[in-house]
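Everything on this sheet refers to the single structure shown next.
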Amino acid sequence: MANDINNATLTGRLTRDPEVKYTGGGLCIVEFALANGYRKKSGDEWTDETNFFDCVYMGRGAEAVSKYLAKGKQIAVTAELRQERWEKDGQKRSKVKLQIRELQLLGGKSESSGVASFEDDPVPF
């Protein structure tokens, strides 16, 4: 199984402001949700659909971009899919999250949030 590939590349918009946490060892963890829209044909009609993904970004890169992330901000990510499993009320449950490896800020300044784009204020990685 060492030759299996687990890679996802998406663009989308944040559905909420990110939640920034630090571990006891000082590791930055940024959690947010990403909405990714697409069009689907149903008969003769085209409809807009949206997928929602929970995302986790950790490390120095996460800390550097966290101040630029805000609800509605468009980003591109490269990530691995990670499945979380747990049991609740005797029912087995699971959820797939995106473990972000790379994150790129897209677009210019956000008018509503006042957040600067990466191009306006470069952050060293």
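Throughout, numbering of the chain's residues begins at 1 and tracks the sequence.
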Run the salt bridge (Lys or Arg N to Asp or Glu O under 4.0 Å) check on Lys97 and Asp54 step by step: do they pass?
CA-CA 5 Å; Lys97 283 190 173 183; Asp54 286 331; 5.5 Å; no

Please round to the nearest 0.5 Å and tell me the distance separating atom CG of Leu105 and atom OH of Tyr68.
8.5 Å

Counting C-beta onward and ignoring hydrogens, is there a side-chain heavy-atom pair between Val20 and Tyr22 closer than 4.5 Å?
yes

Do Leu34 and Phe52 come within less than 4.5 Å of each other through their side chains, counting heavy atoms only?
no

Would you say the side chain of Thr78 lies within less than 4.5 Å of the side chain of Ile100, judging by non-hydrogen atoms?
no

Between Ala33 and Arg16, which heavy-atom pair has the shortest distance, and what is it?
CB-NH1, 3.0 Å

NZ/NE/NH1/NH2 to OD/OE distance under 4.0 Å, Lys71 and Asp17
no

Using a side-chain heavy atom cutoff under 4.5 Å and only I, L, V, M, F, W and Y, what cluster partners does Trp86 have?
none

Quick one: do the Gln99 and Arg101 side chains pair a donor with an acceptor below 3.5 Å?
no

Could you tell me whether a side-chain N or O of Asn6 sits under 3.5 Å from a main-chain N or O of Leu81, the two making a donor and an acceptor?
yes

Thr50 vs Asn36, test: side-chain contact (heavy atoms from CB on, under 4.5 Å). Steps then yes/no.
CA-CA 6 Å; Thr50 305; Asn36 173 269; 6.0 Å; no

Taking atom types as modelled and ignoring hydrogens, do the side chains of Glu31 and Tyr57 form a donor-acceptor contact shorter than 3.5 angstrom?
no

Other residues, nucleotides, ligands: >12 heavy atoms within 6.0 Å of Gln83 CD
yes

Within a strict 4.5 Å, meaning less than it, do heavy atoms of the Val96 and Arg82 side chains meet?
no

Who else is in Val56's hydrophobic cluster (ILVMFWY, side-chain heavy atoms under 4.5 Å, direct or via others)?
Leu27, Ile29, Met58

Can you find a heavy atom in the side chain of Val77 that is under 4.5 Å from one in the side chain of Thr9?
no

So Val30 and Val65, do their side chains get closer than 4.5 Å, heavy atoms only?
no

With side chains defined as the heavy atoms from C-beta onward, is the minimum distance between Ile75 and Lys73 less than 4.5 Å?
yes

Could I get the full list of side-chain contact (heavy atoms from CB on, under 4.5 Å) partners for Glu49, not counting sequence neighbours?
Tyr38, Lys40, Thr47

